[in-house]
Amino acid sequence: MLSASKIKLIHSLAQRKYRLENGLFLAEGAKLTEELTGTFECVFLAATDDWLSRNHPKGIEQIQPVTGDELRKASLLQTPHDVLALFRIPDSTCDMDIAASELCLALDGVQDPGNLGTIVRLADWFGINHIFCSQNTADVFNPKAVQATMGAIARVQLHYIDLYQSLSRIDKDIPTYGTFMDGSNIYTEHLSPSGIIIMGNEGNGISTDIGKLVRFRIGIPSFPAGRPTSESLNVAMATSIVLSEFRRRI
């Protein structure tokens, strides 16, 4: 039986303050739980008897059989799954100079957890191992972001840094690309197989200070040129197009 205190803990992890305080994040659903268990330390798993009879999770500190009703009370989802788990938030550090040998993403103030999770999933698909995030970017361990990654956080590492300072200090030979509405046509520009691609905030794009550090300003043109169209693309949509074009050049 799930105790009231355990349910309270699970619910508290919707807030960043309590995720940091407890060093834990929540994942719900069989596929997501299974993917993350191999990468992150699982300290607690609650599942129905039916799920446990079909699965045999190992290396978990505490496994709690529960009823479907108990899971519904604990879940943060509108349609709960038959398993949820708590994982330890890992330490993650990486020197941005790694972009000298591989393509990396940088996120400047992406606010929506769903957008962030989708971007992580896209990074996984396109073979991006590292994402460098400004401190005002959404927390990837927000439950909504975790769900949206569909397990991609098991393979893509996110690093929360002072983005301005880090970009200011990287090797000058590392190309930095930024996406702008008035940027040069991405389909005709030279694109490097390594470097840093910066994606900006949903409403304001790349901030002024970060924009000054961008060496190559690129943009996604609408078609045909001059035709009235939507004001802009969703940041996750734009990331998918940009990453696809970079990888197409390999």
Side-chain angles (χ1 to χ4, degrees), residues 96 99 102-140 142 144-150 152-153 155-161 163-164 166-167 170 174-250:
M96 194 176 263
E102 62 183 85
L103 195 61
C104 300
L105 272 176
L107 304 181
D108 181 21
V110 172
Q111 295 290 295
D112 183 81
N115 281 337
L116 176 60
T118 301
I119 289 171
V120 175
R121 190 176 177 185
L122 286 164
D124 187 31
W125 184 263
F126 286 107
I128 304 297
N129 300 311
H130 298 279
I131 300 177
F132 297 94
C133 302
S134 64
Q135 295 292 349
N136 63 335
T137 291
D139 179 12
V140 72
N142 178 303
K144 292 181 180 179
V146 172
Q147 293 298 129
T149 70
M150 297 293 288
I153 52 171
R155 292 170 293 277
V156 180
Q157 295 184 49
L158 278 77
H159 315 282
Y160 287 81
I161 59 174
L163 191 57
Y164 179 82
S166 296
L167 286 169
I170 63 169
I174 296 175
T176 52
Y177 298 87
T179 51
F180 296 87
M181 293 298 294
D182 61 352
S184 299
N185 188 333
I186 189 174
Y187 300 116
T188 58
E189 284 297 295
H190 170 75
L191 303 177
S192 171
S194 61
I196 299 169
I197 304 168
I198 305 169
M199 306 300 295
N201 172 268
E202 288 89 342
N204 302 313
I206 293 173
S207 61
T208 301
D209 287 345
I210 297 296
K212 293 176 182 177
L213 302 176
V214 172
R215 290 179 58 197
F216 303 101
R217 296 169 63 96
I218 56 176
I220 302 167
S222 60
F223 289 91
R227 172 181 173 272
T229 186
S230 300
E231 181 181 2
S232 62
L233 290 173
N234 169 279
V235 65
M237 292 180 182
T239 301
S240 69
I241 295 169
V242 170
L243 290 181
S244 179
E245 184 61 17
F246 268 83
R247 290 312 197 196
R248 188 182 71 83
R249 306 290 185 90
I250 294 177

Between [X] and [Y] (side chain of the first, backbone of the second, donor and acceptor by atom type, cut-off under 3.5 Å), is there such a pair?
X: D108; Y: I206; value: no
X: E189; Y: I218; value: no
X: Y187; Y: I220; value: no
X: T176; Y: L213; value: yes
X: E202; Y: Q111; value: yes
X: S134; Y: G109; value: yes
X: Q135; Y: L163; value: no

Of the non-hydrogen atoms in [X] and [Y], which two are nearest, and what is the gap between them?
X: V140; Y: A145; value: O-CB, 3.4 Å
X: A148; Y: G114; value: CB-O, 3.8 Å
X: M199; Y: V110; value: O-CG2, 4.4 Å
X: V214; Y: G178; value: CG1-N, 3.3 Å
X: G200; Y: V235; value: O-CG2, 3.5 Å
X: A236; Y: T118; value: CB-CG2, 3.9 Å

* To do: Measure the acute angle between the ring planes of Y177 and F246, then classify it against the limits of 30° and 60° as parallel, tilted or perpendicular.
  =>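 The arrangement is perpendicular - the two ring planes meet at more than 60°.
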### Query
Do the non-hydrogen side-chain atoms of M96 and I174 ever get within less than 4.5 Å of each other?
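Sidechains of I174 and M96: no contact.
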State the [atom1]-[atom2] distance between [X] and [Y], to the nearest 0.5 angstrom.
X: H130; Y: E102; atom1: NE2; atom2: CD; answer: 5.0 Å
X: L191; Y: L103; atom1: CG; atom2: CG; answer: 9.5 Å
X: T188; Y: H190; atom1: OG1; atom2: NE2; answer: 12.5 Å
X: D112; Y: K144; atom1: CG; atom2: NZ; answer: 8.0 Å
X: I186; Y: E245; atom1: CD1; atom2: CD; answer: 5.5 Å
X: S207; Y: N136; atom1: OG; atom2: CG; answer: 7.5 Å

When T239 is tested against each of V242, L243, I241 for side-chain contact (heavy atoms from CB on, under 4.5 Å), which residue passes?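 Of the listed residues V242, L243, I241, the side-chain contact (heavy atoms from CB on, under 4.5 Å) partner of T239 is L243.
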side-chain contact (heavy atoms from CB on, under 4.5 Å) partner of I198, chosen from L107, L105, L167: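 When L107, L105, L167 are each tested with I198, the side-chain contact (heavy atoms from CB on, under 4.5 Å) holds only for L167.
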Handout entry: side chain to side chain contact (heavy atoms under 4.5 Å, CB included) between L158 and T137, worked out
Key = CA-CA 11 Å; L158 278 77; T137 291; over 6 Å; no
Problem - R247 NZ/CZ over F126 ring centroid, <6.0 Å and within 45° of normal - result: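 No.
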